[in-house]
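Structure first, commentary second.
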Amino acid sequence: MTDLDVRAATPVDFDFLVDMLVEAVNWLPERNWSREQILANPALAHYVAGWMQPTDFGLLAVDEAGRPVGAAWFRYLTAADPGYGYVSDDVPELTIGVVENWRGRGVGRALLRAVLDAARARGISTVSLSVERANFAARLYAAEGFRTVESFEDADTMVRTLP
Ligand SMILES: CC(C)(COP(=O)(O)OP(=O)(O)OC[C@H]1O[C@@H](n2cnc3c(N)ncnc32)[C@H](O)[C@@H]1OP(=O)(O)O)[C@@H](O)C(=O)NCCC(=O)NCCS
């Protein structure tokens, strides 16, 4: 990732994480959910609501001016309020997004690898995510060691073990 740094996400990054959640939801060009719609939808808003909780962690890729260009973060959701990629209460779920004009340049893969390293460093042994099968991101995840553990109509739940 030339000219880019990676730094830990902090509480002040809430707005940018919302931006990236909006990108993750709207990965389909014909889908155009507004920020307000997404934040009003509990099944989506819970990926960022109240950021940052004590068990939340994530990374931002930033350009040479310190502007964020991508983020990858983990949050623990529970059986009472499960994420789309819920596996169990002790498996955090990943959200990842890269600003549109930075995509396809290796930022996403680098962020993914770095946030998996951060999870491993915390002693986490398994992480999960949900991806709509038609999203090329599913191939990125598979190439980075995620495997599908549950399939729904359009989406797969994938997990990655961290040896
Ligand atoms: C998914 C996303 C995070 C990947 O980040 P990125 O910086 O674009 O990805 P990278 O440049 O690291 O590329 C990763 C791989 O995907 C491939 N890829 C990138 N853009 C692609 C595209 N538009 N179509 C198909 N493959 C693509 C790359 O070729 C690369 O594979 P390769 O190294 O084997 O060539 C980013 O594209 C994004 O934010 N998309 C919208 C939000 C989203 O879908 N989030 C995930 C929801 S589950």
Side-chain angles (χ1 to χ4, degrees), residues 1-29 33 35 38-39 44-77 83-87 89-132 135-149 155-163:
M1 260 203 309
T2 43
D3 301 330
L4 288 181
D5 281 328
V6 171
R7 67 161 173 83
T10 73
V12 302
D13 296 315
F14 173 76
D15 285 339
F16 184 71
L17 266 47
V18 176
D19 291 345
M20 294 302 97
L21 177 62
V22 170
E23 295 300 327
V25 171
N26 289 324
W27 69 271
L28 259 183
W33 288 31
R35 192 181 178 91
I38 288 167
L39 289 177
L44 296 170
H46 64 182
Y47 290 103
V48 291
W51 178 270
M52 148 176 209
Q53 300 294 313
T55 55
D56 290 338
F57 65 102
L59 298 173
L60 268 65
V62 295
D63 69 11
E64 66 282 1
R67 288 179 295 246
V69 302
W73 69 97
F74 281 108
R75 170 161 275 192
Y76 290 88
L77 293 166
Y84 289 105
Y86 177 81
V87 173
D89 285 12
D90 59 359
V91 172
E93 186 172 336
L94 178 78
T95 307
I96 185 169
V98 171
V99 168
E100 191 165 9
N101 59 0
W102 278 91
R103 290 182 197 153
R105 294 157 69 172
V107 178
R109 189 190 296 276
L111 266 178
L112 179 59
R113 289 181 177 175
V115 84
L116 292 175
D117 285 345
R120 191 182 290 107
R122 289 173 162 250
I124 294 166
S125 60
T126 311
V127 298
S128 75
L129 59 79
S130 172
V131 62
E132 288 174 84
N135 189 342
F136 77 84
R139 294 197 295 278
L140 167 64
Y141 303 141
E144 293 298 325
F146 283 82
R147 65 191 165 82
T148 298
V149 293
D156 291 328
T157 298
M158 303 181 84
V159 302
R160 168 76 145 83
T161 52
L162 302 168

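None of the values given here were measured: they were computed from a predicted structure.
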Any sub-3.5 Å donor-acceptor pair from [X]'s side-chain atoms to [Y]'s backbone N or O?
| X | Y | result |
| --- | --- | --- |
| R103 | V98 | yes |
| S128 | G85 | yes |
| R75 | T95 | no |
| W27 | G97 | no |

Measure across [X] and [Y] and return the closest heavy-atom pair with its distance rounded to 0.1 Å.
| X | Y | answer |
| --- | --- | --- |
| N101 | R105 | O-NH1, 2.9 Å |
| M158 | Y141 | SD-CB, 3.9 Å |
| A72 | L94 | CB-CD1, 4.2 Å |
| A119 | V127 | CB-CG1, 4.2 Å |
| A45 | L39 | CB-O, 3.4 Å |
| F74 | W51 | O-CZ3, 4.4 Å |

Working for side chain to side chain contact (heavy atoms under 4.5 Å, CB included), residues V99 and D19 = CA-CA 9 Å; V99 168; D19 291 345; over 6 Å; no
Intermediate values then yes/no, side chain to side chain contact (heavy atoms under 4.5 Å, CB included), L77 and Y47 | CA-CA 8 Å; L77 293 166; Y47 290 103; 3.7 Å; yes
Is the [atom1] atom of [X] crowded by more than 12 outside heavy atoms at less than 6.0 Å?
| X | atom1 | value |
| --- | --- | --- |
| E64 | CD | yes |
| W33 | CH2 | no |
| R35 | CZ | yes |

Please test W73 against M52 for side chain to side chain contact (heavy atoms under 4.5 Å, CB included), starting from the C-alpha separation and ending with a verdict.
-> CA-CA 10 Å; W73 69 97; M52 148 176 209; over 6 Å; no
Salt-bridge criterion met for R160 and E144 (N-O under 4.0 Å) |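 The answer is no: the pair does not qualify as a salt bridge.
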Out of curiosity, [X] [atom1] to [Y] [atom2], how far, rounded to the nearest 0.5 Å?
| X | Y | atom1 | atom2 | answer |
| --- | --- | --- | --- | --- |
| R113 | L59 | CZ | CG | 14.5 Å |
| L116 | T161 | CG | OG1 | 10.5 Å |
| L60 | L111 | CG | CG | 7.5 Å |
| N135 | L28 | CG | CG | 8.0 Å |
| T126 | L162 | OG1 | CG | 7.0 Å |
| R67 | L4 | CZ | CG | 11.0 Å |

D156 and F146, any side-chain heavy atoms less than 4.5 Å apart =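 Answer no - side chains too far apart.
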Any side-chain heavy-atom pair of L21 and I38 under 4.5 Å |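 They are in contact (side-chain heavy atoms under 4.5 Å apart), so the answer is yes.
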For V69 and F16, run side chain to side chain contact (heavy atoms under 4.5 Å, CB included): C-alpha distance rounded to whole Å, both residues' side-chain angles, the deciding distance at 0.1 Å, then the answer.
-> CA-CA 9 Å; V69 302; F16 184 71; 5.7 Å; no
Starting from the C-alpha separation in whole Å, work towards a yes-or-no answer on side chain to side chain donor-acceptor pair (under 3.5 Å) for Y84 and E93.
-> CA-CA 9 Å; Y84 289 105; E93 186 172 336; over 6 Å; no
Residue of the set V18, D13, D15 for which side chain to side chain contact (heavy atoms under 4.5 Å, CB included) holds with V48 |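 With V48 as partner, side chain to side chain contact (heavy atoms under 4.5 Å, CB included) holds for just one option, V18.
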